[in-house]
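Contents: one structure, followed by commentary.
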Amino acid sequence: MGIYDHKKIEKKWQKQWERDGLYKACEDQRKEKCYVLDMFPYPSGDGLHVGHPKGYIATDIYSRFKKMSGFNILHPMGWDAFGLPAENFAIKNKVHPRVAVKKNIKRFKEQLRGIGFNYDWEREINTTDPKYYRWTQWVFLKMFEKGLAYESHEPINWCPSCQTGLANEDLDGNACERCGTIVEKRLMRQWILKITAYADRLLRDLDSLHWPESIKTSQRNWIGRSEGTEIDFKLVDVPGQKDGAHSVKVFTTRSDTLFGATFLAISAELAWKWIENGWQVDVEIKEYVEKTIAENAKRSFKEKEKTGIFSGVSAINPAHQEKIPVWIVNYVLGDVGTGAVMAVPAHDERDFEFAKKYQLPIRQVVAEKNVDIMGVGALIETKEGNFVFQKRGGNASTHPNTIALFGGGIEKNEDVFACVRRELEEELSLKLEMYHEINVIGDFESHNQPERYLKAFHVRNVDRNILELREGEAIVEMTLDDAEKNSHVTDFTKDVIRAFRNGINSAFVSPGILINSGKFDGMTSSEANDAITKFVGEKKTVVYKLRDWVFSRQRYWGEPIPIIHCEQCGIVPVPESDLPVMLPEVESYAPTGTGESPLADISEWVNVKCPKCSGQAKRETNTMPQWAGSSWYYLRYIDPRNESALVDKEKEKYWSPVDMYVGGAEHATRHLIYARFWHKFLYDIGVVNCAEPFARLEHVGLIAAEDGRKMSKRYGNVVNPDDIVATYGADTLRLYEMFMGPFDQGVRWSTDSIVGSRRFIERVWKLQEKISDDDEQSIEMAIHTTIKKVGGDIEQFGFNTAIAQMMILVNEMERVDSIGRRQYEILLTVLAPFAPYVVEDIWNGALGHLSSIHEESWPSYNEERMRATNVVITVQINGKVRDHFSMPADSSGEKVESEALAREGVQKWIAGKEIKRVIYVKNKIVSIVI
RNA sequence: GCCCGGGUGGCGGAAUUGGUAUACGCGCACGACUUAAAAUCGUGUCUUGAAAGAGAUGAGGGUUCGAUUCCCUCCCCGGGCACCA
């Protein structure tokens, strides 16, 4: 048998497979295809750490399994090599980024090869290859042609450290995602892609995708659809203008609260536009507007104090024609909606805060429908001498219109009523006034303090200031004023009344029943939303949070944007025949910081003839963002060397869409949105035949370092896969990474635990000794179970449980004296996707096969053979496990029940008791109720 | 604050149309082999209890013959979004 020498084995088969071209993909129309894709890496100078291959191992296993299941596989790999790290490295070390990238790719490839991946390297791509980025530029031209790429001069996010403009997607809060610097707003010329034109489809088509729900939710939030109404407010008191000559539009999702709009709040940016259009204002106002715009540019709005200034202008609320003031405020964003909102302090927290501060009127127009506030239960004294409030029954907290009042514990020695007061202050005093009708029921008693018995009471119709006090069956009605003076009313009840009278302390933002809204009173919020929209003569519209994609970067290492600026003709696209626009050589890669890229300095590249009029013209010097090349790369693998088209139509039709896509969840609102957008565009212009690029997505949980931190050179906690492969072998590394835990969950690396996977492989290796000509019948059930379980688990990405099942099978095989050759081959075959080297070596060595095990078919299983002849029946008495016994499988219920009742271990419990019920769960449980 | 996940032995984790909680692996303890150690193999390993038993899946409650699984209230951890009107 020889010893298991992973180094020798892995080297040998790696060469052999490459020589045989085992993993070459071709368009085999007879077979069903399966396109399995990894998010291609950015080849950094640090090389791979053990966290990187986790996703690649999964796709490798998946694609090998699908191949064995009869599918034609496409499983390629490539390099996303444009971007800042290579450029920064180049600036620092004075090497061309191209040189650094080439070197890094070589190293990455060697590392990946060592782990035994089945990539088809003939389809390798590189986004920085002019033959590749020619097509990235081509897509841009097509977008320009369709009006989806446009030049703009709006203020955008600017990273002062990276010295480039950024898209919203490149931010982490208000900081640059790349370097952590707080970004600024900067007015500059830029290229924009109109992704918002696809917002609706990007949202809608998510439903059809087999993706993790979390990623779909992230995208939904990012796109941020809200349905509402644009309402027109006529302006009055505008200096030098007739009343009603001007108006302002606001966007709201809560038309039902229109009657409660007591002022208008407009952004400083909108106010500035008014000033530019000739609005005459005081110096004070103008200064406020300028100051606020400057503050907004810093984007430091977090926890910012709300400020505002009365504009002097008023507006007419179209609901009731009352005059309301227009305030210029810092909490309304200029680039959201219309830049103006109707402020409804009673029902919006921000408007509420602002109205309180500037003493603007608060008018409640929505009320909660009949709510009971209850505290029902008993006070229990614990062993330790503390009092704990125990709720009695379930209805106190489960009734839909009920707020649980007394759920908390009572501090040691704390007065019961002090506890109640505390609860009131913390929870209720804030909200009480908002309820249309309130019942407060405190039925409160204590075991060991029976004298402290709190009478039930009941408050209703707060609007009318009437208190209904219920004592036993009798109900006494009195006004709140009278109640407060009445000596029969307990202090507790008086506390409740005071809480009512404290006034509104927060906004009531939930939907409810309309009040103070004329003929709309009594409607629900959703009914009123439609009715009031109609009443003021408006229609529903939709807005999105998604912003258009800022697509230009003022940096060197990216695809040049294929545009020419002509003095005569203006913006002229580079003709398709002139593509690619090659990225020129420069002396300095450093960013200029001027809003132009380093390309601007190369006059022989910049100065060109206009393709239209042949006059003086200049090239666009901005480059594309890193996300450009990755927005369509999966299409290029299908047809990587095509020079006349982005992808061949027939080939695309065969391979598209990607069947399985695996990568990190951090791309949820970046790459995965951009790629979907580009794909939909390519679908619209007929380049691709399906509306979505990635039919199924699985996300890989990150591997943290042993110390729990991120694996990074900086912390010195990086584990290099090369070392693990050298010490334990690639098969062990692969098995271990898949066995660590659920695939999509983050885990900590643990070098100590690897031995388990290594031992497993050695056990499989040793089983060679046990091969005989005859099958061992006692392990047949385990074999069939394993075939089914492993296949099913791979399909669902449950690799850890698949491996556990194979371990169970190996344990069984070790327990018996010999195993059939056929049985051992089945074990090797199901293990093949996980540990491709060792199984191939045994297959070709000890078993003497001439062809590769990776050309084998996935074994089939027989459900019949998975069924046990005898089953263990569990006896439960009143829900507790009391006994077990064995019975032939599928015995009749009567037989099993009588057997159960006759057993000594059961009789012990049921002797002399009445048996109320016996429940039999087939082949599992007899449950006896006494 | 809102929206997604998640909370199970010493550790990674298994088990969901409600049916024997802790599979599989790591670690640990003891034993065999060895002059010895490593490796390997075997046995044991949730807590408590002498035992019978009792208790335990973040906490509390509910539904059920039976709940890690379903419902309610709450706590904690991870992630996403966040003056988005």
Side-chain angles (χ1 to χ4, degrees), chain A residues 173 212-222 224-226 228 250-254 257 265 301-304 306 329-333 335-344 348-351 353-354 377 388 390-400 402-404 407-409 509 543-547 665-666 668-669 735-736 739-742 744-748 750 752-757 759-760 762-763 766 798 800-801 803-808 810-811 814 872-881 883-884 908 916-919 921-930:
Chain A
E213 211 45 54
S214 59
I215 291 188
K216 290 208 242 180
T217 307
S218 292
Q219 290 211 353
R220 285 189 191 107
N221 291 343
W222 188 260
R225 179 183 203 269
S226 38
V250 304
F251 179 79
T252 179
T253 56
R254 290 294 303 272
T257 63
F301 48 70
K302 265 185 188 166
E303 303 295 318
K304 191 169 68 179
K306 289 183 177 45
V329 303
N330 68 343
Y331 73 93
V332 170
L333 304 176
D335 55 356
V336 174
T338 59
V341 304
M342 64 179 213
V344 187
D348 182 277
E349 274 164 25
R350 296 148 301 175
D351 299 339
E353 189 189 327
F354 189 82
V388 173
Q390 189 96 47
K391 266 181 276 180
R392 191 203 297 148
N395 59 344
S397 55
T398 56
H399 189 274
T402 300
I403 292 174
V509 297
V543 298
Y544 296 94
K545 213 172 74 183
L546 185 73
R547 289 284 103 89
E666 70 274 17
T669 55
L735 268 172
Y736 175 60
F739 187 58
M740 286 172 96
D744 59 354
Q745 196 177 296
V747 260
R748 239 180 235 212
S750 162
D752 288 344
S753 305
I754 297 177
V755 291
S757 303
R759 278 180 200 151
F760 172 67
E762 285 176 4
R763 281 186 192 138
K766 273 194 200 139
N800 54 335
T801 48
I803 293 167
Q805 180 60 39
M806 290 188 280
M807 286 172 168
I808 291 171
V810 167
N811 287 346
E814 280 180 338
V872 174
I873 303 287
T874 298
V875 186
Q876 288 186 351
I877 297 169
N878 282 356
K880 295 219 179 289
V881 176
D883 202 6
H884 306 280
K908 193 172 76 183
K916 288 184 181 158
R917 230 175 121 191
V918 179
I919 297 149
V921 182
K922 199 176 169 193
N923 292 340
K924 277 181 184 155
I925 277 174
V926 176
S927 185
I928 302 165
V929 188
I930 56 172

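Residue numbers start from 1 in every chain, and the chains themselves are labelled A, B, ... in the order their sequence lines are given, proteins ahead of strands.
- With distances taken from any side-chain atom of Val755(A) to the nucleotides rG27(B), rC84(B), rC4(B), the minimum falls on rG27(B).
- Considering only side-chain N and O atoms, Arg350(A) lies nowhere under 4.0 angstrom from the phosphate OP1 or OP2 of rG1(B).
- Counting any heavy atom pair closer than 4.0 Å across all strands shown, Asn811(A) reaches sugar-phosphate atoms only and no base atom.
- The main-chain N or O of Gly756(A) is never found under 3.5 Å from a side-chain atom of Tyr736(A) such that the two would form a donor-acceptor pair.
- Interatomic distance, Arg763(A) CZ to Asn811(A) CG, rounded to the nearest 0.5 Å: 6.0 Å.
- Val336(A) has its side chain within reach of Arg547(A): a pair of non-hydrogen atoms, C-beta onward, lies under 4.5 Å apart.
- Taking only side-chain atoms of Lys545(A), from C-beta outward, the nucleotide of rC65(B), rA15(B), rA82(B) with the closest atom is rA82(B).
- Between Asn221(A) and rC84(B), a side-chain N or O to OP1/OP2 separation shorter than 4.0 Å is absent.
- Within 4.0 Å (heavy atoms only), Asp348(A) reaches no atom of the nucleic acid at all.
- Residue Phe739(A) has its side chain nearest to rG12(B) when only rG12(B), rA85(B), rC83(B) are considered.
- Across the protein-nucleic acid pair, Asn878(A) atom CG and rG19(B) atom P stand 20 Å apart, rounded to whole Å.
- Side chain of Thr253(A), nearest nucleotide from rA85(B), rC81(B), rA14(B): rA85(B).
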Exercise for the section: Apply side chain to side chain contact (heavy atoms under 4.5 Å, CB included) to Phe739(A) and Met807(A), showing your working. Expected result: CA-CA 11 Å; Phe739(A) 187 58; Met807(A) 286 172 168; 3.9 Å; yes

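- Comparing the C1' positions of rC74(B) and rG27(B) gives a spacing of 35 Å, expressed to the nearest Å.
- Judged by distance alone, with hydrogens and angles left aside, Ser214(A) brings no side-chain donor or acceptor close enough to the base of rC4(B) to form a pair under 3.5 Å.
- Taking side-chain N and O atoms only, Lys880(A) has no distance below 4.0 Å to OP1 or OP2 of rU20(B).
- As rounded to the nearest Å, rU17(B) and rU69(B) have C1' atoms that lie 11 Å from one another.
- Judged by distance alone with a 3.5 Å cut-off, a donor-acceptor contact links the side chain of Gln876(A) to the base of rG19(B).
- Within 4.0 Å (heavy atoms only), Val918(A) reaches no atom of the nucleic acid at all.
- Comparing Ile919(A) and Thr338(A) by the nucleotide of RNA chain B that holds the closest heavy atom to each, the one mapping nearer the 5' end is Ile919(A).
- For Lys306(A) against rC83(B), a side-chain-to-base donor-acceptor contact under 3.5 Å is present.
- Put simply, NZ on Lys908(A) and CG on Asp883(A) are 8.5 Å apart, with the number rounded to the nearest 0.5 Å.
- Taking each heavy atom of Thr669(A) and Ser218(A) in turn, the nearest pair found is CG2-O, 3.7 Å.
- In this structure, Lys908(A) reaches the sugar-phosphate backbone alone: every heavy-atom distance under 4.0 Å involves primed, P, OP1 or OP2 atoms, never a base.
- The backbone N or O of Asp348(A) lies less than 3.5 Å from no partner atom in the side chain of Arg254(A), so there is not a single donor-acceptor pair.
- Across rC71(B) and rA67(B), the matching P atoms stand 16 Å from one another, rounded to whole Å.
- Separating the C1' atom of rU63(B) from that of rU73(B) is a span of 15 Å, rounded to the nearest Å.
- A distance of about 24 Å separates the P atoms of rG25(B) and rA32(B), rounded to the whole Å.
- Annotation for Val250(A) and Thr338(A): closest pair CA-OG1, 3.4 Å, computed over non-hydrogen atoms.
- Residue contacts shown for Val929(A) are limited to sugar-phosphate atoms, with no base heavy atom under 4.0 Å away.
- Atom CZ in Phe760(A) sits about 15 Å away from atom P in rU40(B), given to the nearest Å.
- Nearest to the side-chain atoms of Thr874(A) among the listed nucleotides rU20(B), rC65(B), rA14(B) stands rU20(B).
- In this structure, CZ in Arg748(A) is found 11.0 Å from CE in Met740(A), a value given to the nearest 0.5 Å.
- A pairwise comparison of heavy atoms in Asn330(A) and Lys306(A) identifies OD1-CA, 3.5 Å as the closest pair.
- A sub-4.0 Å separation between OP1 or OP2 of rU40(B) and a side-chain N or O of Arg763(A) is absent.
- Atom pair Asn330(A):CG and rA85(B):C1' shows a separation of 15 Å (rounding to whole Å applied).
- One finds the NZ atom of Lys916(A) at 8.0 Å from the CG atom of Asn878(A) (value rounded to the nearest 0.5 Å).
- Put simply, CG on Leu546(A) is 12 Å from P on rA82(B), counting in whole angstrom units.
- Nucleotides rC24(B) and rU45(B), compared at atom C1', are 15 Å apart to the nearest Å.
- When heavy atoms are screened at a 4.0 angstrom cut-off, Ile808(A) is found touching the sugar-phosphate backbone but no base atom.
- The side chain of Ser226(A) contributes an N or O atom lying less than 4.0 Å from OP1 or OP2 of rA85(B).
- Here Pro212(A) lies out of heavy-atom contact (under 4.0 Å) with every strand.
- Rounded to the nearest Å, the gap between the C1' atom of rU57(B) and that of rG49(B) is 22 Å.
- Between Arg759(A) and rC26(B) there is a side-chain N or O to OP1 or OP2 distance below 4.0 Å.
- For the pair Gln745(A) and rG13(B), the criterion of a side-chain N or O lying under 4.0 Å from OP1 or OP2 is met.
- Among the nucleotides rA85(B), rC81(B), rA14(B), the one closest to any side-chain atom of Thr801(A) is rA14(B).
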Exercise for the section: Convert the base pairs of RNA chain B into dot-bracket notation, remembering that pairs crossing earlier ones are written with [ ] and that bases paired across to another strand are shown as |; include only Watson-Crick or G-U pairs under 3.5 Å. Expected result: (((((((..(((......[....)))((((((.......))))))(((....)))..(((((..]....))))))))))))....

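- Using C1' as the reference atom, rA52(B) and rU48(B) are 14 Å apart when rounded to the nearest Å.
- Mapped onto RNA chain B by nearest heavy atom, Glu814(A) and Ile215(A) fall at different nucleotides, with Ile215(A) at the one closer to the 5' end.
- An anti base is found at rG62(B): its glycosidic angle is more than 90° from 0.
- Using a 4.0 Å heavy-atom criterion, one finds that Asn800(A) contacts the sugar-phosphate atoms exclusively.
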